[in-house]
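To start, the structure itself, in structure tokens.
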Amino acid sequence: MKKTRVQGVFMRGRDLATLNLDKGNSVYKEVLVKDGKNEYRMWNPKRSKLGAAIMKNIRGVNIKKGDKVLYLGAASGTTPSHVSDIVGKEGYVFCLEMSARVLRDLVFVAESRKNMFPILADARSIDSYKNMVPECDVIYQDIASPQQTDILIRNCDEFLKDGGYVYFAVKSRSIDVTANPNKIFQEVEKRLKSHFKIIDKKRLEPFKKDHMFFVLEKKRVLNK
Amino acid sequence: MIKTPFNYGKEVFDSPKSAVEQFLKKSGGRDKDFIDSGMKIFKNEDKLRSFLHEFYLLMTKQRIRESYTPDILASHLINSSEEIDKIINTFYERASEIYGLYRPEKFKKLDIQKLIKNIEKEKEGEEGDMGFYLDKKTLILLKSYSKQIKELIKLREEIVKNIETLMNSFAKNLSKVLGEMLAAKIISIAGSLKNLVNMPSSTIQVLGAEKALFRHLRSGTKPPKHGVIIQHPIVAKAKKQDKGRFARTVASKAAIAAKIDYFDGEFIGDKLLKELEERR
């Protein structure tokens, strides 16, 4: 197991892995690998957009140990479980998901991981979970919705600290099936520029079709 | 709903919600720092974490339970009945082919019920000029085939009955206008009754014809006239040139009915259906 330049993420040959927080259990039937005392979970980039972005050498993936992460669109917990590995025991991952069916699967993952906190709520109605989420260091958003840029900006205004990082997966097909993906990505970038500093962006092409992954930093508000 | 109070050490909360409210009071109403204010209560990170963890799980489980609606079950049942239809058909075709090897004279396009009856009466031996000798092992096999098909037909009938009572319990108007089975099918395609209520009638008209619709949007072919709504007797019996028009009218009545059902309105299904019949 070799360290990568991303904190908490390891490599074995050409495959990604994270240190398993919940020893002996795998989340989505991924392979567990033992290396000395530690146990690692292999990370399948075809099933996780963050994994795919790291495989494509995106700059600025900077989730530290002990970070508070707000994860919007957690689904059944594939990527959140790896984020939970990265932030470690001291971290907090608040997993927001709208669909009760997939969150049911995540509840079982969260039961054995003490740093995962599931919330059943719609990311569009911030008021319904305002009291459940503290100020966060990182926001990760992967929601297949036409208004996903809007949702991100509103959540960041509410929950993200100044200078906090944002990881944002855009699926052009869910914004408009018929339009050209390049055009959509340009529009999204234009909107993002007014709120964030864009650190890096990458197409996820061999792993996911018509997806763009953004790494953003919230602009610091200067006090007088 | 969770009724027992939620204990943690000395603190007792009626509900997860009140726990957060307590946190908020102690932190002076600043929502953003409830982890910090929680530290003031628990004075120990591990304790705070296990409290919060338990609390979020409980709250989420409760919300998941509350999110149940009868339309989820209805769409599972309608999909299941369609799957069973397919299974019955494949079983029937295979069984009748095997049966035909031994009794080609009787075979001549038997329908399901006749096939089951014939197989049940069958005995070991040879018949006619073309058939093979029917041995004991194959006979047992054929009989268990017919038994399975019979059971599946029974299961399907039970499911249909269930769908009818279920649909009449929460979507009376829609079931009256479209018929229980078609109403359930449309809800399952829309995702839920709530999604269906948010749809304009022009979308309901082409539900189930997504492939043709998106082909139309992409490359400008002709738009589809109807989706699953063609199963409705009024649309199905219409002349070819009228089908699009009837599909549109039925869809508009269905949209009205769905909205009434969702917001617990009165039963006006009869009136809606009558208006439909008049326009024929």
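In what follows, every heavy atom counts, from backbone to side chain, and hydrogens, waters and symmetry copies are set aside. Proteins get letters first, then strands, A, B, ... in listed order; numbering begins at 1 in each.
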- Item | Residue A:K89 versus chain B: region with a heavy atom under 4.5 Å | backbone
- Message: Check this for me: does any side-chain nitrogen of one of A:K114 and B:E54 sit under 4.0 Å from a carboxylate oxygen of the other?
- Response: no
- Message: Let's go through A:F94 and B:Y56 carefully: what are the C-alpha distance in whole Å and the side-chain angles of both, what is the deciding distance for ring pair (Phe, Tyr, Trp, His ring centres under 6.0 Å) to 0.1 Å, and is it a yes or a no?
- Response: CA-CA 9 Å; A:F94 297 92; B:Y56 275 80; 5.7 Å; yes
- B:F267 atom CZ, neighbour heavy-atom count above 12 within 6.0 Å: yes
- Task: Locate the shortest heavy-atom distance separating B:L57 from A:A110; write the atom from each residue and the value.
- Result: CD2-CB, 4.1 Å
- Message: Between B:Q62 and A:L120, is there a side-chain heavy-atom distance shorter than 4.5 Å?
- Response: no
- Message: Would you say NZ of A:K219 has more than 12 non-hydrogen atoms from neighbouring residues, nucleotides or ligands within 6.0 angstrom?
- Response: yes
- Working to the nearest 0.5 Å, report the span between CE of A:M98 and OG of B:S67. 11.5 Å
- Item | Min side-chain heavy-atom separation B:M59-A:M132 under 4.5 Å | yes
- Task: Counting only heavy atoms closer than 4.5 Å, note whether B:Y68 contacts chain A via side chain, backbone, both or neither.
- Result: neither
- Query: Could you give the distance from CD1 (A:I119) to OG1 (B:T60), rounded to the nearest 0.5 Å?
  - Reply: 7.0 Å
- Query: Is the NZ or CZ atom of B:R49 both under 6.0 Å from the centre of the six-membered ring of A:Y92 and within 45° of that ring's axis?
  - Reply: yes
- Task: Answer yes or no: are there more than 12 heavy-atom neighbours, outside A:K197 itself, under 6.0 Å from its atom NZ?
- Result: no
- Between A:S128 and B:R63, which heavy-atom pair has the shortest distance, and what is it? O-NH2, 3.6 Å
- Message: Less than 4.5 Å to any heavy atom of chain B: does that hold for the side chain of A:R101, its backbone, both, or neither?
- Response: neither
- B:Q241, CD: over 12 other non-hydrogen atoms inside 6.0 angstrom: yes
